[in-house]
Each structure stands twice: as C-alpha cells, then as structure tokens.
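Working notes, beginning with the structure itself.
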Amino acid sequence: MYTLFVVGGHYGDEGKGKIVDILAARADVVARGSGGNNAGHTIVRNGRTFKFHLLPSGCLYPGTINVLGMGMLIDVHALVKELAALRDVGYNPKLRIASQAHIVMDWHRAFDAASEASLGAEKIGTTRKGIGPAAEAKHNRKEALRIADLKSDELFEKVSRIVFRIAPKLVSWHPDFSGFRDLPLTDIINPREALKFSLTQYAEEQAGRLREAAKVIMPFIDDDIAAATGSQHNKFVLGEGAQGTFLDTTVGSFPDVTSTPTTAPGLCIGLGIGPGKVNDVMGVFKAYETRVGSGRFETELTDEQALLGELGSGRMLMDSGSIASLRKGTASDNIIGKHMVVKGHEFGTTTGRVRRCGWFNLEEARRAVQYNGLTWIAITKLDVLDELHTIKVGIRTENEKMAYKTFSGWLSSTENLRNQEALPDKAKFFLNFLEQQLAPIAFVSVGPDAGQTIITKNFRNHLAKNGISI
Ligand code: GDP
Ligand code: IMO
Ligand code: MG
C-alpha cells in the first residue's frame, strides 16, 4: 500500500484540489482529515468547474472511497447541500464520514460572525463558517456534538443541554436572542422562566434540522474509518490537506490562523494514520503567494484597499499600459500584485474575497518542508508569471526586511506546455532553484484545467515503483 498526503505549503488555496483530483484517478481512498467548509477546493475538468468545501476531491471518480475524517468540523447542512449539488450534475460519490468528527452548529456560525464584528480592525478575517467556535466547543468538551450524536435517540436532550449551557453566549451573540439582551444578568446566566421557552424552542428547531440532515448522512457514518484507510486491499491512499501550513493553529502565523491543524501531522491524527504509515508528503505551493484574511505577509505586493476599491466599483482590469510595464520591468509592486489577482483570478473560493498577492516566500517554504516532512512539491499557477519581466523570491529576512533573489521572466505563454523539456529555459531555472531549495518537483501546473499539468518524469517513475501508473 502507498500512502501520500497532499498539503498546502503556504496560506491555503495553493491548488490542492486540482492536484488531488489528478492523483485521485488512481486512488482507492481520498480522505480529508481536518478543517471544515472554510476550505474551498476547485477542480476544473474539460472546462467544467467543481468547488468542494467539505467533500474530498476524489468525489468525481465513482470507484473511489471518499472519507471525511475524524479531525473534521462538519456543518452537516452544508454537507447535505454540497452532496445534493453534486448529485444534481450526475455524481454519486462513495462516502464514509467519521463518527468522531464534530458538528459545526448554527450557533457556531453566529458566534464566529459576532466575534469578528466585535473585533473591528483586529479581526482575523475568518470565513465565518463557525470553525473557531466549533473547535472551541470540541476542546472544552462540554458544548460539542459529534457526528455519532446524529444516531442517538437522545439527540434533542443533548442539543437542549448545550443550548441551556451556552445561554449567555446566545443572548450576547445570536441575532435570534437579541430581544433578551436587557434581561438581568442573573436570568441569563441561570436561564429560568424568562428564557426557558425560547431556548427550548430553539433546541427543538436545531435538533429537528439535525434529524433531517441525518436522514441523508446516516448511511455514510462510520465508527472506524481507519479500517477504510488502513485496509490491506488498498493500493493507494491519498490524504487531502485543507488550508495551508501557516494557517495551522500551532505552527502558523498565530493568532491569524484557523482552528484546526493544517499540516501532515494533523492529517495523521485526523485520519488515524500513524506517521510511519505515510510514504510521501507533497507540499503544494503557488509560484507566487497569496493569503486571504488578516495577518503577516512579508512578501506582499498588493495594495489591498486600492484593489477592494476597484473591485467595489467593478473595474478591476489591467489596462494595456500596465501590461506593457510588466513586460518591460517598470511596473510598480501594486501593478504586479494586481496582475496576479486578475490573471490568477485570486478571489476566495469560499468567500469571494480578493486574495492578497505577493512573491514566493522561500523562508516559510523551507519551514513547511520541515513541519510537514515534505518529500515532494507541486508548483501551481506558473502561467500567472508568464507576462513578468522580473520574478522575485523572498529568501531570508534580514533586519526585519525581506531579502529577494531576482529571476528573469520567460515572457512567453506556458499554458499549453505539457512536458518539462518544453518549458522555457528561464522557467526551468526558476523551478530548479525551488526544487534544490525545497524538495523534488512532482507537478508543475500551468492553468486551472486538470489537463494543464506537467507531471515530472521523476515523480511518474516514483509512482510506478509503488505500482501506480499516472
Ligand atoms: P485549494 O484550496 O488549494 O484547493 O485551491 P483553490 O481551489 O481554493 O484555489 C486555487 C485556484 O487556482 C482555483 O481557482 C484553481 O482553479 C486555480 N488554479 C489551480 N492551478 C492553477 C494554475 O496552474 N493556473 C491557473 N491560472 N489557475 C490555477
Ligand atoms: P483551503 O483549504 C485560504 C483563513 C481565513 C482566515 C483564517 C481563519 O481552500 O486552502 P477560519 O474561517 O478558518 O476561522 O478563518 O484562515 N482560511 C483559509 N484561507 N484557504 C483556506 O482553505 C482557508 N481556510 C481558512 O481566510 O484568514
Ligand atoms: Mg481554497
């Protein structure tokens, strides 16, 4: 059996979905291990676009088992919708959902939004999918519901106990309870008559909605997903990471991070696959870098406010003068960053927000190699750099300033190239540098479509040695 994990090397949206979809063609199992529908993974096949948030990116192959692992935080209503949308277009994936995964509840979404609104300029810029509050509930252990609870005859009692326990938070933060905000604090902390009716009604409604979702999900609930991922009948198990290394709660750019692990060790935990059972870990990186939401970004180019203004007025386009300046090497940082947004279509899959863009940060990428134990890398969106006269890579921070290595751009389209040899010499030079600094390159992606991909000979041979032909 060969087990490969694919994880995000920087701040998410590196193109994991595309890479996982290509590999999934040969996989027996594709498994998500952490995160929730804060993730947005895009697959483009023959011009058709699919966006997955909770479903693993193996869902387009009828024979593949798709696992939603133990470390996930699952909004079951969002999952039902995502599955229905996929079935509407003719796909009926095989699913296994870990009973140990946690449920993101309606109130978690409300708390996420209220918390962000209360933070003002200090907000994290979350996806508002309730991930932080659901993780909080998991870790305090007293306010959490798991997928296993959908099978319980006492679902209402469980929901109701939690709803009464979190009454103070509901009154402060849930819009449905705003009418109770003037009550004396003692009534809120100890919800008696004043709140009893509304809390019970809310718990009934929430439990009812969960029961409806459970009708769809029940057949897929699995108490032992490790039996699926660890079966001796599997030839190829693929673990699909969500988010990126530096959004990890522990090793990421705290506090501007997500609330679940995003690295390969996190996938091990979320999938119940011990580190010694993982054969390879592939880190996906863009040829540049993006980030959505708040937080550090040493190599950032975009003037986010200016771009938001242009987006608001519906005129975010590159004029011919700006494109000429990119080619001549006279463009300002903001023009280069804007070009990355426009050509790379850097708008969030989950929230539609404009992504902040900048140069590849090698210093972080090296740390990603260490944290994840990367044995391979994939470089995506090389085509986005095709028009640039000069390309930079941030190599190290000196006196709090980033030092850059500069590369000459290749100034020709890579979109239709399908093998390594055909790449322009200057692109080869750029890629060789990344490979030498990080890990061998398995994929170079030159466009959103699955077909717009170069698979290196090195990686093909490696897979072949493991009995997989791609
Ligand atoms: P993920 O979260 O890591 O799966 O990445 P997303 O799907 O959120 O974002 C990646 C975006 O880049 C998607 O819109 C992809 O269709 C697109 N994409 C992936 N690879 C390439 C590429 O090589 N070139 C271009 N132009 N777009 C790409
Ligand atoms: P994929 O899997 C990019 C970011 C949010 C925010 C921070 C916390 O598509 O790469 P959260 O809602 O998780 O509490 O938000 O994390 N974030 C992502 N950014 N890609 C993602 O997933 C992300 N998931 C969360 O923008 O900065
Ligand atoms: Mg994404």
Side-chain angles (χ1 to χ4, degrees), residues 6-22 32 34-45 47-54 56-57 73 75 104 108-109 111-113 115-116 123-136 240-249 252-260 262 283-297 340 342-356 378-386 413-415 417 443-454:
V6 177
V7 297
H10 275 139
Y11 289 93
D13 303 326
E14 298 91 346
K16 299 174 290 294
K18 167 174 171 166
I19 299 296
V20 170
D21 169 59
I22 292 168
R32 273 278 302 271
S34 65
N37 61 337
N38 47 349
H41 298 177
T42 316
I43 297 170
V44 186
R45 273 234 222 122
R48 262 179 98 180
T49 301
F50 303 84
K51 290 180 195 282
F52 294 147
H53 298 282
L54 285 161
S57 298
L73 305 174
D75 178 334
V104 179
H108 294 143
R109 269 183 284 112
F111 295 170
D112 195 356
S115 161
E116 284 286 277
K123 70 174 193 271
I124 295 169
T126 72
T127 58
R128 304 194 172 203
K129 300 292 179 189
I131 300 301
E136 251 176 272
E240 178 178 15
Q243 289 80 48
T245 300
F246 296 96
L247 289 174
D248 182 87
T249 328
S253 61
F254 193 87
D256 300 300
V257 293
T258 188
S259 310
T260 57
T262 64
V284 186
F285 297 88
K286 283 177 189 169
Y288 52 101
E289 197 165 314
T290 64
R291 174 163 203 178
V292 223
S294 315
R296 72 170 189 224
F297 192 172
M340 289 170 175
V342 174
K343 179 149 188 214
H345 197 72
E346 296 296 358
F347 302 96
T349 311
T350 301
T351 57
R353 288 178 292 178
V354 60
R355 294 179 183 141
R356 299 157 65 195
I379 302 293
T380 62
K381 302 195 118 170
L382 189 75
D383 55 300
V384 175
L385 305 185
D386 286 349
S413 172
T414 55
E415 285 169 34
L417 306 181
F443 292 97
V444 179
S445 173
V446 291
D449 203 278
Q452 292 177 292
T453 313
I454 295 170

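As the structure lists them, so they are numbered: ligands from 1, and atoms in each ligand from 1.
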[X] neighbourhood, listing ligand 1 atoms whose heavy-atom distance to it stays under 4.0 Å:
| X | answer |
| --- | --- |
| V446 | 23 (O) |
| H41 | 1 (P), 2 (O), 4 (O), 7 (O) |
| K18 | 20 (N) |
| G17 | 4 (O) |
| S445 | 20 (N), 21 (C), 22 (C), 23 (O) |

Would you check the N or O atoms of [X], main chain and side chain alike, for any that come under 3.5 Å of an N or O of ligand 1?
| X | result |
| --- | --- |
| K343 | no |
| G15 | yes |
| G447 | yes |
| D383 | yes |

May I ask you to check if ligand 2 and [X] share an N or O to N or O distance below 3.5 Å?
| X | result |
| --- | --- |
| H41 | yes |
| K129 | no |
| R353 | yes |
| D13 | yes |
| G40 | yes |

Before accepting this row, confirm whether a basic side-chain N of the pair [X]/[Y] lies closer than 4.0 Å to the acidic partner's carboxylate O.
| X | Y | answer |
| --- | --- | --- |
| R296 | E289 | no |
| D256 | R291 | no |
| R355 | D13 | yes |

*Mark the output for K16 as yes if a heavy-atom distance to ligand 2 is under 4.0 Å, and as no if none is.*
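Per 4.0 Å heavy-atom rule, K16 contacts ligand 2.
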Ligand-residue contact atoms, ligand 2 with [X], heavy atoms, under 4.0 Å:
| X | answer |
| --- | --- |
| I124 | 8 (C), 27 (O) |
| Y11 | 3 (C), 19 (N) |
| A242 | 2 (O) |
| A39 | 1 (P), 2 (O), 9 (O), 22 (O) |
| G125 | 5 (C), 6 (C), 26 (O), 27 (O) |
| G293 | 27 (O) |
| V292 | 3 (C), 19 (N), 26 (O), 27 (O) |

Is there side-chain contact between [X] and [Y], with at least one heavy-atom pair below 4.5 Å?
| X | Y | result |
| --- | --- | --- |
| V284 | V6 | yes |
| D386 | K343 | yes |
| T380 | K16 | no |

*From L247, T290, T258 - option closest to atom 17 (N) of ligand 2 by heavy atom*: L247
*asked:* Out of T42, T249, V257, N38, who is nearest to atom 7 (C) of ligand 2 when you count heavy atoms only?
replied: V257
*Matching residue for K18 among K381, Q452, R45 - test: side chain to side chain contact (heavy atoms under 4.5 Å, CB included)*: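 Testing each of K381, Q452, R45 against K18, the sole residue satisfying side chain to side chain contact (heavy atoms under 4.5 Å, CB included) is Q452.
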Heavy-atom contact under 4.0 Å between [X] and ligand 1?
| X | value |
| --- | --- |
| H345 | no |
| G40 | yes |
| R355 | yes |

Could you check whether any side-chain N or O of [X] sits under 3.5 Å from a backbone N or O of [Y], counting only pairs where one atom can act as donor and the other as acceptor?
| X | Y | value |
| --- | --- | --- |
| E116 | T126 | yes |
| R109 | D75 | no |
| E14 | G9 | yes |
| D248 | T262 | yes |
| T249 | T258 | yes |

*the Mg ion (ligand 3) - name of the N/O/S atom of D13 that sits closest to it*: OD1
_Looking only at the aromatic ring of each residue, does the gap between the centers of F52 and H41 stay below 6.0 angstrom?_
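Here the rings of F52 and H41 have centres that are no less than 6.0 Å from each other.
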*Measuring to the Mg ion (ligand 3), does K16 have an N/O/S atom at a distance below 2.8 Å?*
no
*Which heavy atom in A134 sits nearest to a heavy atom in L73, and how many Å separate them?*
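Taking A134 first and L73 second, the nearest heavy atoms are CB-CD1, 4.3 Å.
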*Determine the interplanar angle of the F297 and Y11 rings, folded into 0 to 90°, and report it as parallel if under 30°, tilted if 30 to 60°, perpendicular if over 60°.*
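Rings of F297 and Y11: tilted, 30 to 60°.
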*Partner of N38 under side-chain hydrogen bond (donor to acceptor under 3.5 Å, both in side chains), chosen from K129, Q243, R128*: Q243
*asked:* Under a plain distance cut-off of 3.5 Å, with no hydrogens placed, do D21 and S57 share a side-chain donor-acceptor pair?
replied: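 There is no such pair between these side chains.
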